Amino acid sequence: MINLFSFRLNLRYWFCVACFAFPLFISAQQKIKYDSDRTRMDQENYPGAFIFTGVEKQVYFIHEGIKVWCDQAIFYEEQNFFRAFGNVKMNQGDTINLTSKYAEYDGMTQFAFASEDVVLTSPSNVLTTDSLFFNRIKQESFYRSGGMVKDSSSTINSIVGRYFMERDKYAFRDDVVVTNPEYKMNTEILDFYPESGHAYLYGPSTIIGETSKVYCERGFYNTTLDEGYFTKNAKIDYDSRNVVGDSIYFRRADNFASATNNIVVTDTLNQSVVKGHYAEVYKDLDSLFITKNPIASTKQDKDSVHIASDVLMITGPEKNRIIRAFKDARIYKTDLSGKADSIWSGEASGLTKMITNPILWAEESQITGDTIHLISNQETEKIDSLKVFYDAFMVMKDSIEGYNQVKGKEMYALFNDENDIEEVNFIKNTETIYYVREDDGTLVGIDKALSATIKLLMKDNDIEDVYYYNAVESDLMPEEEFPPNARKLKNFNWRGDEMIRSKADLFKDRKAFELVPIQGLKAQEIEDAFFDDTNSSENPINNSNSTFQQKNIKGKQEDESANKNEKNSIKPQTKDKPKEKPQLEKIENKKE
């Protein structure tokens with residue numbers, strides 16, 4: 001019969017000889033120390049190993065600052081390696097507290113593995129997963145079969161995750177989902193720094209809140225301040241309003257966003273599009289501010305109305321938008337155009353005001369005055385009428401030469417269904433100069449008249465009839481008898497060369513802006529592989545007694561099944577059987 005005590009002494013002797021033979025190797029490795037209530041050996045099933053079982057207190061291991069507690073363990077002293085079963089707890093100073101049902105630890109490589117209900121607690125968050133690898137040399141942990149990280153405000157789920165403890169950084173990969181009470185974030189790649197709350201997004205990413213949806217393919221989000229900066233196909237959806245730009249800044253607290261370069265703001269409900277190179281959106285105030293050659297385009301009947309200026313402001317709730325354009329404001333539609341110092345347009349009232357030095361061209365008719373109002377029919381969305389207040393002046397080029405002119409204090413015009421002016425009324429101190437022609441175009445003479453009121457009937461944008469009312473003074477003279485210097489009314493100013501004949505003319509002679517280069521966000525950090533040549537993904541723990549050496553890794557279910565079977569195969573001694581203690585180096589009992 002083999003003497004167990006003698007066997008242990010011999011084992012220790014040969015182990016010491018091996019240590020003496022390889023002093024350089026051993027000096028670099030500290031031995032794992034332990035404490036256990038009950039110890040036994042099972043050479044048939046676990047040759048060279050001690051089986052530890054906790055009775056009144058858990059089995060305890062310590063190695064270079066890491067402490068491990070468990071209910072049972074298999075310890076391979078020569079290999080400086082153990083496997084822990086049941087209520088496993090692992091602690092490393094103030095940085096790491098880990099619990100699981102199963103764990104392995106290799107003292108040679110300082111590489112650990114934990115599985116089944118793994119919970120890793122750090123000062124700023126809690127990680128839960130079904131299996132976790134831990135490299136103590138690099139101070140990195142890694143999961144590859146799904147995990148969740150939870151801090152005080154958010155929960156992050158991903159298929160793959162890596163935690164860099166010294167940098168306090170998480171690298172999440174594949175189906176990353178961040179759930180916050182205020183929003184939900186989806187991305188493929190997320191680098192997260194818990195201490196600062198900074199998150200970097202790479203690849204197609206969305207952030208969906210109650211009233212907004214952000215999309216980008218590269219972005220930064222400060223989860224502490226609830227604000228972000230997004231580039232590469234960035235856009236924000238606010239209910240019916242969509243904002244696109246080369247770069248977008250977003251602040252959730254007040255639903256504010258600003259965009260820079262190549263901006264397009266689309267209002268699907270109001271069928272309008274606004275473009276420019278800098279914009280600010282205040283969602284809660286239903287407000288849009290846009291500069292750097294802004295232009296607003298609104299669908300109207302089968303046409304579109306375009307308004308451009310130095311600055312555009314669009315305010316008001318849906319179906320009640322107000323457009324304010326100021327400093328060299330211009331308006332254009334296929335049959336009407338004009339410009340003024342500022343333009344005001346209200347969607348609910350259908351009123352468009354051209355204020356300060358306004359000029360309007362209706363086909364070849366030029367209209368000026370102190371203020372011009374365009375009124376649209378809300379049902380048909382067509383321009384219904386036109387009003388000019390104070391110093392109204394209408395000029396039309398004669399079919400051959402000269403200018404037909406009408407002026408008065410105020411002017412009122414009506415449009416037909418084709419959006420052509422069909423009737424014009426001037427009131428108060430009216431004057432006209434009119435080239436009278438036969439049907440074949442032959443000039444009869446030039447008529448100059450004064451009256452209280454004048455009505456013009458138009459057809460195909462030409463004067464068809466002229467009616468004078470009250471105190472009429474009219475003088476029709478042959479062309480040769482009408483002095484050339486008298487053929488223009490006072491304050492006559494033909495500005496046909498300024499006429500806006502296309503959408504492109506809205507930007508004619510405007511300042512060209514050189515777009516500010518977008519600085520962008522830092523490129524994704526490419527980290528070294530978690531598993532090196534020694535600890536490859538196929539054999540992450542380089543020990544012959546590890547579960548990873550005993551089979552190919554094929555998934556979570558096999559790993560868990562192997563661990564459960566292994567645990568069940570360990571038969572703890574009964575309490576009435578004397579405990580056996582190996583004659584090995586032993587440390588003082590430790591409490592949890």
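Both backbone and side-chain heavy atoms feed into the values below; hydrogens, waters and symmetry mates do not. Only a predicted model underlies this, so the values are computations on that prediction, with no experimental measurement involved.
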- Message: Less than 3.5 Å apart, any donor N or O on the side chain of Tyr435 or Asp447 sitting next to an acceptor on the other?
- Response: no
- Straight-line distance of Leu457 CG to Ile421 CD1, nearest 0.5 Å: 12.5 Å
- Is Glu347 reaching over with its side chain to a backbone N or O of Arg321, donor-acceptor style, under 3.5 angstrom? yes
- Task: Could you tell me whether Phe220 and Tyr200 have their ring centroids closer than 6.0 angstrom?
- Result: yes
- Which distance, rounded to the nearest 0.5 Å, do you find between the OG1 of Thr260 and the CD1 of Ile248? 9.0 Å
- Query: Do His306 side-chain atoms and Tyr332 backbone N/O form a donor-acceptor pair below 3.5 Å?
  - Reply: no
- Would you confirm whether Asp328, through its side chain, and Ala340, through its main-chain N or O, come within 3.5 Å as a donor-acceptor pair? no
- Side chains of Asn125 and Tyr170: do they bring a donor and an acceptor to under 3.5 Å? yes
- side chain to side chain contact (heavy atoms under 4.5 Å, CB included) test vs Met458 passes for just one of Ile463, Leu414, Asp465, Asp420, namely Ile463
- Query: Are any side-chain N or O atoms of Gln405 and backbone N or O atoms of Arg487, one a donor and one an acceptor, separated by less than 3.5 Å?
  - Reply: yes
- Query: Does the pair Arg167/Glu140 count as a salt bridge with the N-to-O cut at 4.0 Å?
  - Reply: no
- Task: For Ser205 and Tyr202, work out which heavy atoms get closest and say how close.
- Result: OG-O, 4.1 Å
- Query: Looking only at heavy atoms, what is the nearest atom pair of Ala296 and Leu312, with distance?
  - Reply: N-CD1, 3.6 Å
- Message: Hydrogens and angles aside, do Tyr238 and Asp267 bring a side-chain donor and acceptor to less than 3.5 Å of each other?
- Response: no
- Message: Let me confirm one number: the CD1-CD1 distance from Ile236 to Ile207, rounded to the nearest 0.5 Å.
- Response: 9.0 Å
- Message: What I want to find out is whether Asp475 reaches Lys448 closely enough, with some N-O distance under 4.0 Å, to be called a salt bridge.
- Response: no
- Message: What I want to check is whether the side chains of Thr453 and Tyr468 have a donor and an acceptor closer together than 3.5 Å.
- Response: no
- Task: Verify the neighbour count for atom CG of Asp239: are there more than 12 heavy atoms of other residues, nucleotides or ligands below 6.0 Å?
- Result: yes
- Task: Measure from the side-chain N and O atoms of Ser304 to the backbone N and O of Ser297, and report whether any donor-acceptor pair falls under 3.5 Å.
- Result: no
- Item | Side-chain donor/acceptor of Thr187 to backbone N/O of Ile189, under 3.5 Å | yes
- Message: Closer than 3.5 angstrom, by distance alone: can the side chain of Lys283 be matched with the main-chain N or O of Ala257 as a donor-acceptor pair?
- Response: no
- Task: Measure the CG-OG distance between Asn180 and Ser154 for me, rounded to the nearest 0.5 Å.
- Result: 4.0 Å
- Item | Member of Tyr434, Phe393, Trp494 meeting the ring-ring contact (aromatic ring centres under 6.0 Å, His included) criterion with Tyr403 | Trp494
- Task: Answer with yes or no whether the side chains of Asn255 and Asp284 bring together a donor and an acceptor at under 3.5 Å.
- Result: yes
- Task: Tell me, please, which residues at least two apart from Ser258 pass side chain to side chain contact (heavy atoms under 4.5 Å, CB included).
- Result: Tyr249, Phe256, Tyr278, Glu280
- Message: Give me the atom names and distance for the closest heavy-atom approach of Asn419 to Phe415.
- Response: O-CD2, 3.5 Å
- Item | Check: Asn233/Glu217 side-chain N/O donor and acceptor closer than 3.5 Å | yes
- Query: Is Asp254 atom CG crowded by more than 12 heavy atoms from other residues, nucleotides or ligands, each under 6.0 Å away?
  - Reply: yes
- Sorted by chain and number, sequence neighbours left out, ring-ring contact (aromatic ring centres under 6.0 Å, His included) with Phe326 holds for none
- Message: Is there a side-chain contact between Val444 and Glu438 in this structure, where contact means two heavy atoms from C-beta onward sitting under 4.5 Å apart?
- Response: yes
- Measure across Phe250 and Ser212 and return the closest heavy-atom pair with its distance rounded to 0.1 Å. CZ-OG, 3.6 Å
- Query: According to the interplanar angle, ranging from 0 to 90°, do the rings of Tyr183 and Tyr221 count as parallel (below 30°), tilted (30 to 60°) or perpendicular (above 60°)?
  - Reply: perpendicular
- Distance-only donor-acceptor check, side chains Glu431 and Asn429, under 3.5 Å: no
- Can you name the nearest heavy-atom pair linking Asn222 to His198, along with the distance? ND2-NE2, 3.4 Å
- Message: Holding to side chain to side chain contact (heavy atoms under 4.5 Å, CB included), I want the full list of residues that pass it with Phe507, two or more places apart in sequence or in another chain.
- Response: Asn293, Ile295, Arg510
- Query: Would Asp384 and Lys382 count as a salt bridge (charged side-chain N to carboxylate O under 4.0 Å, His left out) if you check the C-alpha gap in whole Å, the side-chain angles of each, and the deciding distance to 0.1 Å?
  - Reply: CA-CA 6 Å; Asp384 180 79; Lys382 294 181 179 180; over 6 Å; no
- Can you label the angle between the Phe192 ring and the Phe172 ring as parallel, tilted or perpendicular, going by 30° and 60°? tilted
- Lys/Arg N to Asp/Glu carboxylate O, Lys339 vs Glu498, below 4.0 Å: yes
- Ser158 versus Tyr143, side-chain donor and acceptor atoms under 3.5 Å: yes
- Does a side chain donor of either Thr298 or Ser272 reach within less than 3.5 Å of an acceptor in the other side chain? no
- Query: Arg330 side chain to Lys508 main-chain N or O, any donor-acceptor pair under 3.5 Å?
  - Reply: yes
- Task: Applying salt bridge (charged side-chain N to carboxylate O under 4.0 Å, His left out), run through Arg501 and Glu364 and close with a yes or a no.
- Result: CA-CA 10 Å; Arg501 299 181 180 275; Glu364 297 301 320; 3.7 Å; yes
- Message: In the structure I gave you, are the side-chain heavy atoms of Asp335 and Glu363 within less than 4.5 Å of one another anywhere?
- Response: yes
- Query: Within the distance-only criterion (no hydrogens, no angle test), does the side chain of Ser309 pair as donor or acceptor with the backbone N or O of Val311 below 3.5 angstrom?
  - Reply: yes
- Any side-chain donor paired with an acceptor under 3.5 Å for Ser451 and Thr430? yes
- Message: Before you tell me yes or no, could you show the steps for Glu195 and Tyr193 under side chain to side chain donor-acceptor pair (under 3.5 Å), namely the whole-Å CA-CA distance, both residues' side-chain angles and the distance that decides it to 0.1 Å?
- Response: CA-CA 6 Å; Glu195 184 175 354; Tyr193 297 84; over 6 Å; no
- Note on the structure: CG (Leu456) and CG (Asn425) are apart, to the nearest 0.5 Å, by 8.0 Å
- Message: Using modelled atom types and a 3.5 Å cut-off, is there a donor and acceptor pairing between side-chain atoms of Thr224 and backbone atoms of Ser196?
- Response: yes
- Item | Heavy-atom side-chain contact between Leu336 and Ile383 under 4.5 Å | yes
- Note on the structure: Test salt bridge (charged side-chain N to carboxylate O under 4.0 Å, His left out), reference Glu527, set Lys138, Lys169, Arg173, output is Lys169
- Task: Using the side chain to side chain donor-acceptor pair (under 3.5 Å) rule, take Tyr215 and Asp237 through it: C-alpha gap first, then chi angles, then the decisive distance, then the call.
- Result: CA-CA 8 Å; Tyr215 174 86; Asp237 291 325; over 6 Å; no
- Do you know which two heavy atoms are closest between Leu288 and Arg241, and how far apart they sit? CB-NH1, 4.2 Å
- Message: For Thr352 and Ile375: C-alpha separation, side-chain torsions, deciding distance, then whether side chain to side chain contact (heavy atoms under 4.5 Å, CB included) applies.
- Response: CA-CA 6 Å; Thr352 298; Ile375 301 96; over 6 Å; no
- Between CG of Asp370 and CE of Met354, what distance do you get to the nearest 0.5 Å? 12.5 Å
